Protein chains: 2
Amino acid sequence: MTQAPAAVPNDAAPRRRRKEARPQELTAAALSLFVEKGFAATRLDEIAARAGVSKGTLYLYFDSKEALFKAVIAEGVVPAIEEGEAMLERHADDPVTLLREFLYGWWARIGNTELGGIPKLMISEARNFPEVAAYYHETVIHRGLKLIRTVVQRGVEQGVFRPVSTELIGNVFMAPLLHLALWRHSFGSCCARDLDAERFLATWFDLLMHGLGVRDAEPPQ
Amino acid sequence: MTQAPAAVPNDAAPRRRRKEARPQELTAAALSLFVEKGFAATRLDEIAARAGVSKGTLYLYFDSKEALFKAVIAEGVVPAIEEGEAMLERHADDPVTLLREFLYGWWARIGNTELGGIPKLMISEARNFPEVAAYYHETVIHRGLKLIRTVVQRGVEQGVFRPVSTELIGNVFMAPLLHLALWRHSFGSCCARDLDAERFLATWFDLLMHGLGVRDAEPPQ
DNA sequence: TCTAAATTACTGACCAGTCAGTTATTAATC
DNA sequence: GATTAATAACTGACTGGTCAGTAATTTAGA
């Protein structure tokens with residue numbers, strides 16, 4: 001109850017000037033609200049309140065609601081894809097380890113964090129913001145799919161995987177991961193018991209490995 | 001240019017009294033617009049116009065925008081799940097055929113039709129309409145997952161499939177199908193060339209069959 | 001001519017975006 | 001170090017347009 005720089009603001013919090021921190025706090029608040037309620041149904045007053053500022057302040061940092069949306073995507077996406085590429089550097093030689101690391105790593109570092117809401121947001125709004133969708137497509141999707149395809153191709157060449165059509169293998173690989181993230185941010189919070197992420201990932205990894213002809217892949221760490 | 005009961009209405013179309021046909025025309029128009037733009041961003045005037053009536057008429061058949069949303073889901077979903085169950089009756093004995101029929105049948109009869117937009121709509125709006133989400137969950141998702149699980153379990157018991165954890169196999173099975181439908185209704189219409197559904201389904205079916213330990217499954221018809 | 005289907009014109013709540021004014025912080029001067 | 005001037009971050013009441021929902025009126029069809 002001191003003057004801690006509260007992310008969840010105190011009612012009695014004194015007004016503070018924090019130019020550096022504002023944009024990030026605003027995009028974080030906007031991401032969670034956009035994911036929860038959708039772009040159109042989210043009010044700017046609400047975003048500002050969650051970030052602990054007034055709506056006027058929001059307009060000091062972003063020109064419009066749409067500009068805020070673009071910033072949310074751009075900011076959430078750059079670290080995400082860099083994580084992915086860094087992950088690939090670490091185990092350049094072993095396709096099985098690479099796929100396992102990628103699968104569990106994606107969930108741990110993206111899917112199961114705040115960023116996990118971005119797929120839902122992008123799918124919901126892609127047709128309303130084609131320009132942002134195009135940016136997302138070339139910055140994240142295209143790059144990400146290429147990474148996975150490369151790993152699988154390498155595995156096939158090494159004889160670790162059976163010969164398999166690699167053109168769309170990235171899409172198939174990602175589908176269950178995205179499914180899990182989408183579930184978390186839609187039905188997950190409302191009905192039945194939530195999907196068990198651990199079991200789901202294990203089921204998928206097991207099926208995937210056998211599908212690629214690997215008989216003895218161990219589960220993760 | 002005659003007085004045909006136009007789905008895409010003629011500007012000069014005479015006013016007609018068609019009490020029977022209106023609700024279905026309105027829900028069809030609403031589904032396509034909700035999928036395209038989202039619930040909140042879709043205006044009732046627009047839905048009415050696409051159905052060839054005025055907004056006032058819409059209120060003769062639905063109490064509110066939310067009631068229309070519920071009707072869209074309920075109407076789209078009942079035939080869909082019945083299709084699915086009928087499909088299962090036809091090949092009760094052969095798990096491989098069942099899975100193939102289900103996979104390609106789902107795409108042909110649901111994913112690749114207007115109904116294919118419902119997953120996007122439900123994922124986008126589940127948290128805004130928890131009551132509808134719960135209805136959808138128990139009417140479609142729960143029932144559908146159970147069907148797939150049953151097929152796989154039967155296959156394992158018959159020794160056609162290798163022993164595999166069946167608890168979440170339905171979710172994994174559906175994930176790529178839903179991914180394809182979601183793609184069609186988001187990025188598909190904006191960037192790059194569209195995902196090739198035939199190749200995608202073939203890649204998935206091939207990986208799935210090998211994942212289940214079936215070595216000689218033929219591609220469809 | 002009577003009824004009910006359909007339209008048109010209207011209302012009021014809501015909300016993105018604005019701006020005149022307020023307050024925190026820094027800099028200058030004594 | 002204390003006082004004050006200057007600046008820039010921040011606020012919240014306001015506005016103009018939009019849109020869900022309503023009510024008055026018109027018209028199709030029996």
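Computed from a predicted model, the values in this text were never measured in an experiment. We name chains A, B, ... by the order of the sequence lines, and we start the count at 1 in each one. Excluded from the calculations below are hydrogen atoms, water molecules and symmetry mates; all remaining heavy atoms, backbone and side chain alike, are included.
Under the 6.0 Å distance and 45° angle rule, B/Lys65 counts as a cation-pi partner of B/Phe39.
Distance, A/Arg18 CZ to D/dT11 P: 11 Å, rounded to whole Å. Spacing between atom CG of A/Leu60 and atom P of C/dT18 amounts to 12 Å, rounded to whole angstrom units. Distance, A/Phe62 CZ to C/dT18 P: 15 Å, rounded to whole Å.
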- Message: Protein within reach of the bases, or only the backbone? For nucleotides 20-30 of chain D, mark each nucleotide 5' to 3' as B, S or -, using heavy atoms under 4.0 Å.
- Response: BBB---BSBS-
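Not counting sequence neighbours, the partners of A/Glu167 by the salt bridge (charged side-chain N to carboxylate O under 4.0 Å, His left out) test are B/Arg199. With sequence neighbours excluded, the residues forming a side chain to side chain contact (heavy atoms under 4.5 Å, CB included) with A/Ala202 are A/Tyr104, listed by chain and number. Checked against ring-ring contact (aromatic ring centres under 6.0 Å, His included), A/His137 has the following partners two or more places apart in sequence or in another chain: B/Trp183. Here A/Ser189 pairs with B/Arg127 under the side chain to side chain contact (heavy atoms under 4.5 Å, CB included) rule; sequence neighbours left out.
Sorted by first and then second residue, the side chain to side chain donor-acceptor pair (under 3.5 Å) pairs with a member in residues 71-81 of chain B read B/Gln24-B/Glu75, B/Thr27-B/Glu75; sequence neighbours excluded.
Contact between the side-chain N/O atoms of B/Ser54 and the OP1/OP2 oxygens of C/dT7 is found at a separation under 4.0 Å.
Among the protein residues, A/Tyr61 comes within range of the sugar-phosphate backbone only, with heavy atoms under 4.0 Å from sugar or phosphate atoms but none that close to a base.
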